[in-house]
J.: 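Let me give you the structure first, and then I'll get to my questions.
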Amino acid sequence: MIIIYDSNIVCSNFYMRGPSFEMINRVGTVVWCQIVIDEVLNKYREKLDEQLKRTRKEVNELNRMIDTNIDLTFEGMADLEYEKYKSFLETIIIEGGAVIPEKYPDDTHEEVVRRALERKKPFKEDGSTGYRDYLVWLTCLNVAEEYPDDEIHFISSNTRDFADVSDREKLHPDLLQDLQERNINETRFHFWNSIKSFVDKHVKARVEQIDKEEKLCRDIEDNHIGFQTPIDKFIEDNVVGLDISREDIIVPGEKVVLKELNCFSDYEIENIAVINKEDYLLDVVVHGLGTIDCWAEKTSISEFEECGFDIQIIEQTKDNRCILRTILGMHVHLRAIYESSTQKITSLEIDYIEDDNCPFCD
């Protein structure tokens with residue numbers, strides 16, 4: 001689920017404090033538009049300067065009424081708080097999983113002007129205002145195309161320019177037409193005119209479902225006999241000794257074999273889905289240290305060591321080929337069917353295997 005905030009939503013609660021925003025962060029990923037970031041920062045500075053000016057005036061009036069002088073220093077406060085807030089936004093974007101906000105749309109001025117002249121929303125009826133709103137809307141459309149498998153939830157209190165005149169909980173027909181022209185299904189693009197509406201009508205139910213799934217996952221993970229023991233045996237019988245040459249593992253050689261896997265912790269259920277009344281489909285990840293053997297030319301060993309591989313020569317042949325051993329942090333992803341009536345795993349398979357220590361990555 002992708003959530004996109006319009007600037008008016010953030011400006012109503014700059015630090016996005018409170019249970020509503022906390023619940024939203026649990027159910028989906030907030031994708032930020034660069035234009036929204038710029039608008040929010042500009043509005044924050046305007047309101048901050050205005051509030052400090054008002055406070056300074058109130059303090060001066062109070063000092064004229066009382067015997068004890070109140071000395072409040074505001075020098076440099078606006079710049080300091082602005083930088084703090086800018087850093088806050090950058091942090092929540094990174095924590096939310098995004099490296100950079102969605103860039104400004106690359107539509108030409110001619111296309112934007114044509115839209116304004118056609119008097120289509122989100123431009124006003126006179127076509128004179130709505131430029132920034134249109135850029136926000138174009139970004140929403142681009143995000144919907146970029147994430148074709150996700151639901152998009154756009155939240156804006158600007159019902160005059162985004163909502164249907166007859167129903168402020170629905171998108172304006174001009175905007176619905178944009179969705180159709182881009183082949184974006186209306187069933188996965190949702191408009192909300194307030195945080196409260198989004199939370200009450202969608203987020204609460206989703207949070208309850210997540211809580212239920214998380215409890216179910218914890219109960220299954222704690223089932224040593226029915227959950228952990230079958231995975232232990234599967235790893236021993238089917239993972240250890242496996243040729244992992246085609247997996248997402250970077251090692252210094254070829255003919256790669258996993259010789260041993262020492263698990264860090266209990267196995268983690270990443271996702272759970274209902275198959276029927278009796279069975280659940282589990283995505284399980286096993287975190288551990290893998291001992292890996294592979295073949296390589298002896299002349300290439302120094303090159304591998306320079307790249308950061310910690311390797312050991314296990315065996316060397318007459319033609320200067322070596323069996324090398326290295327240890328890597330690994331994640332083994334499994335898929336399992338768990339039967340609720342018997343409370344045990346009935347089927348297991350390897351989904352994929354990856355490492356977490358690529359020496360070629362930054």
J.: List the residues meeting salt bridge (Lys or Arg N to Asp or Glu O under 4.0 Å) with Asp211, not counting sequence neighbours, and say none if there are none.
T.: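 Listed in chain order: Arg26.
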
J.: Compute the centroid of each ring, for Trp137 and then for Phe189, and state whether the two points are separated by less than 6.0 Å.
T.: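 Ring centres of Phe189 and Trp137 closer than 6.0 Å.
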
J.: Would you check if there is a donor-acceptor pair between the side chains of Asn185 and Thr187 at a distance under 3.5 Å?
T.: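 Side chains of Thr187 and Asn185: pair found under 3.5 Å.
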
J.: May I ask you to say whether Glu46 pairs ionically with Lys43, meaning some side-chain N is under 4.0 Å from a carboxylate O?
T.: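 Lys43 and Glu46: salt-bridged.
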
J.: With sequence neighbours left out, write down each residue that passes ring pair (Phe, Tyr, Trp, His ring centres under 6.0 Å) with Tyr280, or none if nothing qualifies.
T.: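 Listed in chain order: nothing, the list is empty.
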
J.: Lys215: what forms a salt bridge (Lys or Arg N to Asp or Glu O under 4.0 Å) with it, not counting sequence neighbours?
T.: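 Lys215 satisfies salt bridge (Lys or Arg N to Asp or Glu O under 4.0 Å) with Asp219 once adjacent residues are dropped.
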
J.: Among Asp279, Asn223, Thr346, find the one that has a side chain to side chain donor-acceptor pair (under 3.5 Å) with Tyr338.
T.: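 So, applying the side chain to side chain donor-acceptor pair (under 3.5 Å) to Tyr338 and each of Asp279, Asn223, Thr346, only Asn223 qualifies.
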
J.: For Asp174 and Arg119, work out which heavy atoms get closest and say how close.
T.: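 The pair with the smallest heavy-atom distance is OD2-O, 4.3 Å.
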
J.: Please check if any side-chain donor atom of Glu111 sits under 3.5 Å from a side-chain acceptor atom of Thr108, or the reverse.
T.: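 Short answer, yes.
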
J.: Scan Arg168, Lys124, Arg132 and name whichever one has a salt bridge (charged side-chain N to carboxylate O under 4.0 Å, His left out) with Asp161.
T.: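 Answer after filtering Arg168, Lys124, Arg132: Lys124.
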
J.: If I compare all heavy atoms of Pro230 with all of Leu348, which pair ends up nearest, and what's the gap?
T.: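 Residues Pro230 and Leu348, closest heavy atoms: O-CD1, 3.8 Å.
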
J.: Any Lys/Arg nitrogen of Glu81 or Lys84 sitting under 4.0 Å from an Asp/Glu carboxylate oxygen of the other?
T.: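 Between Lys84 and Glu81 there is a salt bridge, with a charged N closer than 4.0 Å to a carboxylate O.
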
J.: Provide the closest heavy-atom pair for Arg182 versus Leu138 in the form atom of the first, atom of the second, distance.
T.: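 Residues Arg182 and Leu138, closest heavy atoms: NH2-CD2, 3.8 Å.
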
J.: Assess whether atom CD of Glu58 is packed by more than 12 heavy atoms of other residues, nucleotides or ligands within 6.0 Å.
T.: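 Atom CD in Glu58 is packed in, count exceeds 12.
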
J.: Using a distance-only test with no angle check, is there a side-chain donor-acceptor pair under 3.5 angstrom linking Ser157 and Asn8?
T.: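 Yes, side-chain donor-acceptor contact under 3.5 Å.
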
J.: State plainly whether the residues Lys120 and Glu125 are in salt-bridge range, i.e. N to O under 4.0 Å.
T.: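 Looking at Glu125 together with Lys120, the answer is no, because their closest N to O distance does not fall below 4.0 Å.
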
J.: Any Lys/Arg nitrogen of Asp200 or Lys204 sitting under 4.0 Å from an Asp/Glu carboxylate oxygen of the other?
T.: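 Yes, Asp200 and Lys204 are salt-bridged.
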
J.: Under 4.0 Å between a Lys/Arg side-chain N and an Asp/Glu carboxylate O for Asp243 and Lys255?
T.: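 Answer for the salt bridge query: no.
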
J.: What orientation do Tyr15 and Tyr85 show, parallel under 30°, tilted 30 to 60°, or perpendicular over 60°?
T.: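 Plane angle over 60°, so perpendicular.
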
J.: Should Ile314 and Val256 be counted in the same cluster of Ile, Leu, Val, Met, Phe, Trp and Tyr side chains packed under 4.5 Å apart?
T.: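 No, no single cluster joins them.
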
J.: Specify the closest pair of heavy atoms between Pro101 and Cys33, including all atoms of both residues, with the distance to one decimal.
T.: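 For Pro101 and Cys33, the tightest heavy-atom pair comes out as CB-C, 4.1 Å.
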
J.: So among Phe21, Tyr44, Tyr5, Phe88, which one has a ring pair (Phe, Tyr, Trp, His ring centres under 6.0 Å) with Phe14?
T.: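 In the set Phe21, Tyr44, Tyr5, Phe88, the residue that makes a ring pair (Phe, Tyr, Trp, His ring centres under 6.0 Å) with Phe14 is Tyr44.
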
J.: Please say yes or no: joined through hydrophobic side-chain contacts below 4.5 Å, possibly via intermediate residues, are Met77 and Tyr82 part of one cluster?
T.: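 Same cluster: Met77 reaches Tyr82 through Ile, Leu, Val, Met, Phe, Trp or Tyr contacts under 4.5 Å.
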
J.: Minimum heavy-atom separation for Ala163 and Phe191, please, with both atom names.
T.: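 Heavy-atom minimum between the residues: CB-CE2, 3.9 Å.
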
J.: Closer than 4.0 angstrom, basic N to acidic O: yes or no for Glu339 and Lys344?
T.: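 The answer is no: the pair does not qualify as a salt bridge.
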
